[in-house]
Amino acid sequence: MTVLLVALGAAVGAPLRYLVDRAVQARHDAVFPWGTLTVNVAGSFVLGLLTGGALAGAVPGSVTALLGTGFCGALTTYSTFGYETVKLVEAGALGQAFANVAISVTVGLAAAATGYALTV
Amino acid sequence: MRRQWDVLAVISAGGVLGALARHAVSRALPASPTGFPWGIFLVNVTGCLLIGALMALVTHVWPGRRLLRPFLGTGVLGGYTTFSAYTVDIVRLADAGAVAVAVAYLAGTLLVALPAVYGGMVVTRWLVRR
């Protein structure tokens, strides 16, 4: 049952990541990967809400499997974050590569902590 | 935005496969409330190594295959790796008082996963040019 819920959440989360990335990247000409940053921050906030809620006993395991492990897990990505950072390094844009890591981690953590604090 | 239903379908199918693989790894290596999250660490590091290898293969060996990168890269590896479990586990560890573990996990993943992307890319490029 858990496996089915994880699969269902991921079936929606992965294509939504692609659509958000396309929509965000179409809004500017810069090479900076704002699209991946957007999904990673949004997913961190939602998983923060769910995890805090689960620790408080308000979110059942089935919801965590569907929306946490499945949806948020597939909506967010470390591989694309890593690949886009390495591509910036290879292109000589070291400042942008460093900024991508620094902004992704600090804003992602802030979003996760905010969500977590709201429900824990 | 032009709707490309076949691209969305392969990303969704790949995302399911990747998420189930991640779920299996994190079930096999469950993290304690104050322990280092080895399961997701392993998932993100191996996923980064594989995206590096995949992008080298897509560029040098299999160019022009329209659905390959969406399925394997955006779908399988995107669904396999995760940023939200990374950030939330750091917050959860810090809140549980395991600040040193949280910092080690934060820095350790970056210091291993980002070079893994580059390593996967460089080694695969070298292998296909031999």
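Numbered from 1 within each chain, the chains take letters A, B, ... in sequence-line order. Computation of the quantities below employed the complete heavy-atom set of this structure, encompassing side-chain atoms and omitting hydrogens, waters and symmetry-equivalent molecules.
For the options A:Gly108, A:Ala74, A:Gly73, A:Ala10, heavy-atom pairs under 4.5 Å to chain B are most numerous at A:Gly73. Chain B forms the most heavy-atom pairs under 4.5 Å with one residue out of A:Ala110, A:Ser79, A:Ala117, A:Gly43, and that residue is A:Ser79. No other option in B:Asn44, B:Thr87, B:Leu17 has as many heavy-atom pairs under 4.5 Å with chain A as B:Thr87. Taking A:Gly9, A:Pro15, A:Ala112 one by one and counting their heavy-atom pairs under 4.5 Å with chain B, the maximum is reached by A:Pro15. Taking B:Pro70, B:Gly73, B:Gly78 one by one and counting their heavy-atom pairs under 4.5 Å with chain A, the maximum is reached by B:Gly78.
A:Tyr78 pairs in a side-chain contact (heavy atoms from CB on, under 4.5 Å) with only one of the listed residues (B:Val117, B:Thr109, B:Val43), which is B:Thr109.
Heavy atoms closer than 4.5 Å to chain B are found in the side chain of A:Val101, but not in its backbone. Using a 4.5 Å cut-off between heavy atoms, B:Tyr118 contacts chain A through both its backbone and its side chain. A:Tyr83 touches chain B through backbone and side chain together, each having a heavy atom under 4.5 Å away. Residue B:Leu49: no heavy atom, backbone or side chain, is found under 4.5 Å from chain A. Of the atoms belonging to A:Ser104, heavy atoms from both backbone and side chain fall under 4.5 Å from chain B. Only the side chain of A:Thr51 comes within contact range of chain B, with heavy atoms under 4.5 Å apart. For chain A, no part of B:Val10 is nearby; none of its heavy atoms comes within less than 4.5 Å.
For the pair B:Phe83/A:Thr77, no side-chain contact is recorded, criterion being any heavy-atom separation below 4.5 Å from C-beta on. Proximity of A:Glu90 to B:Met121: side-chain heavy atoms (C-beta onward) are separated by under 4.5 Å at one or more points. Between A:Leu19 and B:Leu8 there is a side-chain heavy-atom pair separated by less than 4.5 Å. Side-chain contact between B:Leu114 and A:Phe81 is present, with heavy atoms from C-beta onward closer than 4.5 Å. At least one side-chain heavy atom of A:Val3 sits less than 4.5 Å from a side-chain heavy atom of B:Leu20.
With hydrogens and angles left out, the side-chain atoms of B:Ser84 and A:Ser44 include no donor and acceptor closer than 3.5 Å.
Between B:Arg22 and A:Thr69, the closest heavy-atom pair is NH1-O, 2.9 Å. The two atoms that bring A:Ala14 and B:Gly15 nearest to each other are CB-CA, 3.8 Å, heavy atoms only.
Applying a 4.5 Å heavy-atom cutoff, the residues of residues 89-101 of chain B that approach chain A are B:Ile90, B:Val91, B:Arg92, B:Asp95.
Under the 3.5 Å distance criterion, the side-chain polar atoms of B:Ser12 are matched with a main-chain donor or acceptor of A:Ala11.
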Show your working on side-chain contact (heavy atoms from CB on, under 4.5 Å) between B:Leu106 and A:Leu109 and close with a plain yes or no. CA-CA 10 Å; B:Leu106 192 169; A:Leu109 280 175; 3.7 Å; yes

